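Here is the naming used below: chain letters follow the sequence lines, and residue numbers restart at 1 for every chain. The structure presented is a predicted model; accordingly, all values stated were derived computationally and were not measured.
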Number of protein chains: 2
Amino acid sequence: MPEAHYPEIRALNLFAEMAEANFLALLRGAYVQNFPPQIELIGEGEPSDFLHVVLSGSIDLFSRWNDRETSLATVRPVSTFILAATIKNAPYLMSARTLEKSRIVLIPSKDVRAIFDADSNFARAIVTELAQCYRSVIKAQKDLKLRTSLERLANYLLRQQKHTGGGATFELDFEKRRLASVLSMTPENLSRAFKGLKPYGVTVDGTTIAIADRADLEHFAKPNPLIDDVTS
Amino acid sequence: MPEAHYPEIRALNLFAEMAEANFLALLRGAYVQNFPPQIELIGEGEPSDFLHVVLSGSIDLFSRWNDRETSLATVRPVSTFILAATIKNAPYLMSARTLEKSRIVLIPSKDVRAIFDADSNFARAIVTELAQCYRSVIKAQKDLKLRTSLERLANYLLRQQKHTGGGATFELDFEKRRLASVLSMTPENLSRAFKGLKPYGVTVDGTTIAIADRADLEHFAKPNPLIDDVTS
DNA sequence: GTCTCCGCTTGATCTAGATCAAGTCTTTTG
DNA sequence: CAAAAGACTTGATCTAGATCAAGCGGAGAC
């Protein structure tokens with residue numbers, strides 16, 4: 001793979017502290033690939049041959065069962081996905097598809113496991129990353145089990161506002177139909193849910209959201225750091 | 001703590017491969033405590049001062065938000081809980097309470113982190129354990145987002161039957177009200193759901209379940225290893 | 001430009017599941 | 001033993017959200 005990508009991969013927490021020699025060894029077996037939109041990169045149940053790193057574009061992690069389908073997460077640059085399957089050498093639990101044109105680094109899983117054994121800084125970083133992933137899913141689980149769909153949307157909007165810098169107006173970073181799936185609701189209901197937040201000062205114009213008074217919306221949404229804080 | 005407990009703790013995957021000296025150092029700062037039923041051991045949001053190991057009894061991990069409450073998991077002997085919070089030195093995301101009289105080992109989190117740094121076998125075991133935990137929650141998430149409550153109950157029964165040895169008749173290991181919460185439904189609905197499974201050969205007598213024809217129930221439940229396999 | 005497709009909205013209905021309200025049965029307690 | 005509490009069940013009702021069925025409107029194709 002082109003060395004031009006090395007710095008941005010190296011900058012990831014996962015790779016930042018490992019020995020240079022090990023980093024180079026890891027990337028020696030890796031390669032970069034460009035994918036068009038809507039390509040299924042990974043199917044759940046397949047063996048986990050590669051650790052993936054998204055350099056550009058975005059990836060939808062989803063799952064199917066009995067003709068139903070749900071989005072579980074979205075991966076944006078620059079970050080890795082399916083680390084747990086790689087480490088455990090177990091089948092993928094989720095499928096992955098590109099949402100747009102995306103550039104992906106594929107690192108052979110066996111190399112990751114080998115260097116994990118050899119580099120304790122890398123091992124430590126993996127532990128931190130996995131713990132982080134685990135906690136994120138627990139938060140998602142709480143969001144889903146404790147809140148109604150209207151509350152989930154309200155809190156999503158508050159998180160997204162914060163994430164985009166806190167301005168009164170901001171953009172959704174999802175297609176609405178996928179946001180619906182992420183929030184575990186139908187597109188129709190999402191549409192109605194936006195209307196349901198109007199009394200709390202939320203207005204929608206395409207993918208642009210305006211929040212008139214954050215405090216007002218918070219009063220309804222009751223955001224909680226143990227569910228809504230992305231870090232920690 | 002009494003050395004009598006050492007072997008059963010040592011037998012856990014998490015501690016099996018670490019150096020003896022480190023194992024002893026870890027337990028030197030640990031202590032065992034007995035708790036009566038219904039004691040809240042941990043409140044979400046508190047700092048994670050101890051890694052917990054359940055020696056006997058059982059523990060409910062749950063969460064509260066806005067006057068609602070949900071069970072997220074049950075911990076049974078012998079295993080650990082809240083490893084991720086310990087490792088990240090971050091607040092607990094879940095509360096924990098004893099369901100019955102329970103004996104718990106408390107290992108100071110700072111010791112766990114120190115020995116994690118010093119013992120690469122221990123580090124590796126932690127990674128495996130965290131990856132396992134992560135994958136379990138993903139499975140739970142899929143169960144919740146892709147299935148109806150009746151399907152969740154049917155698959156739970158199939159898992160439980162397998163877990164107890166596969167006999168046509170077996171015991172629930174939950175109080176029904178808590179099973180309801182774990183399956184994200186109300187006790188009333190659980191009661192009705194059991195009736196709803198009668199056409200598939202499920203009969204209930206107290207906490208004793210009988211499955212007349214496993215194939216018949218499977219035909220309805222459509223169990224999937226990527227959701228229902230406890231290991232892998 | 002017009003046409004077509006597709007994502008989104010809106011309204012009308014339907015359904016799974018929640019809630020409310022008794023009642024039964026078992027277990028605990030005095 | 002009787003009383004009381006608590007778990008579970010059952011029925012009646014209510015509600016959030018899903019589904020079905022049109023429309024609307026913007027973006028790309030020709």
Side-chain angles (χ1 to χ4, degrees), chain A residues 36-38 60 65-71 97 99-101 143-157 171-199 202-209 220-221, chain B residues 36-38 58 60 65-71 97 99-101 143-157 171-200 202-209 220-221:
Chain A
Q38 301 301 333
D60 183 31
W65 180 80
N66 199 20
D67 287 326
R68 293 166 222 166
E69 185 179 306
T70 187
S71 284
R97 75 182 142 219
L99 290 169
E100 48 192 315
K101 202 161 150 299
D143 191 46
L144 199 58
K145 290 187 80 172
L146 290 167
R147 288 172 171 164
T148 66
S149 61
L150 201 57
E151 290 164 344
R152 286 198 298 277
L153 176 60
N155 280 292
Y156 168 80
L157 292 178
E171 294 291 310
L172 292 178
D173 58 356
F174 283 127
E175 208 182 351
K176 281 186 190 160
R177 53 186 10 264
R178 278 198 354 95
L179 175 57
S181 184
V182 169
L183 295 176
S184 223
M185 53 203 293
T186 57
E188 292 97 323
N189 254 323
L190 175 61
S191 205
R192 286 185 258 266
F194 273 121
K195 289 198 163 171
L197 291 179
K198 209 165 182 180
V202 175
T203 47
V204 185
D205 176 19
T207 61
T208 306
I209 308 294
F220 167 74
Chain B
Q38 301 300 333
S58 57
D60 183 30
W65 179 81
N66 198 23
D67 287 326
R68 293 165 221 168
E69 185 178 307
T70 187
S71 284
R97 75 183 143 219
L99 290 170
E100 47 192 316
K101 202 162 150 301
D143 192 46
L144 200 57
K145 291 186 81 172
L146 290 167
R147 288 172 171 163
T148 66
S149 61
L150 201 56
E151 290 164 343
R152 287 198 297 278
L153 175 61
N155 280 292
Y156 168 79
L157 293 179
E171 294 291 310
L172 291 178
D173 57 356
F174 283 127
E175 210 180 352
K176 280 187 192 160
R177 52 182 14 262
R178 280 199 351 97
L179 175 58
S181 183
V182 169
L183 295 176
S184 223
M185 53 203 294
T186 57
E188 292 97 324
N189 254 323
L190 175 61
S191 205
R192 285 185 259 266
F194 272 120
K195 289 198 163 170
L197 291 179
K198 209 165 182 180
Y200 305 100
V202 175
T203 47
V204 185
D205 176 20
T207 61
T208 306
I209 308 294
F220 168 74

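The interatomic distance linking B/R68 (CZ) with C/dA18 (C1') rounds to 12 Å, in whole Å. Note: NZ (B/K198) to P (D/dT9) measures 12 Å, nearest angstrom. Atom P of nucleotide C/dT15 and atom CG of B/L150 are separated by 16 Å, given to the nearest angstrom. Across the protein-nucleic acid pair, A/L179 atom CG and C/dG7 atom C1' stand 14 Å apart, rounded to whole Å. In this structure, CZ of B/F174 is placed 16 Å from P of D/dA7, rounded to the nearest angstrom. When rounded to the nearest whole Å, the span between NZ of A/K195 and P of D/dG17 equals 17 Å. The separation between A/L183 atom CG and D/dA16 atom C1' is 15 Å, rounded to whole Å. With rounding to whole Å, B/D205 atom CG is found 13 Å from D/dC8 atom C1'.
Counting any heavy atom pair closer than 4.0 Å across all strands shown, A/S149 reaches sugar-phosphate atoms only and no base atom.
Of the candidates C/dG17, D/dA18, D/dC8, D/dA18 carries the atom nearest the A/N189 side chain, counting heavy atoms from C-beta on. Side-chain proximity of A/T148 to D/dA7, D/dT10, D/dG17: nearest is D/dG17. Nearest nucleotide to the A/R177 side chain, out of D/dA18, D/dC8, C/dC8: C/dC8.
The backbone N or O of B/S71 sits less than 3.5 Å from a side-chain atom of B/S181, completing a donor-acceptor pair. Under a 3.5 Å cut-off, the side chain of A/R147 and the backbone N or O of A/R152 do not form any donor-acceptor pair. Distance alone, capped at 3.5 Å, is enough to place a donor-acceptor pair between the B/K176 side chain and the B/G206 backbone. A donor-acceptor contact shorter than 3.5 Å is absent between the side chain of B/K145 and the backbone of A/E69.
Note on B/T186: a side-chain N or O is less than 4.0 Å away from OP1 or OP2 of C/dA18.
Among all heavy-atom pairs drawn from B/W65 and A/A221, the shortest one is CZ2-O, 3.2 Å.
A/R192 contributes a side-chain N or O that forms a donor-acceptor pair with the base of D/dT19 under 3.5 Å.
Nearest-nucleotide positions on DNA chain D for B/E175 and B/E188 put B/E175 closer to the 5' end.
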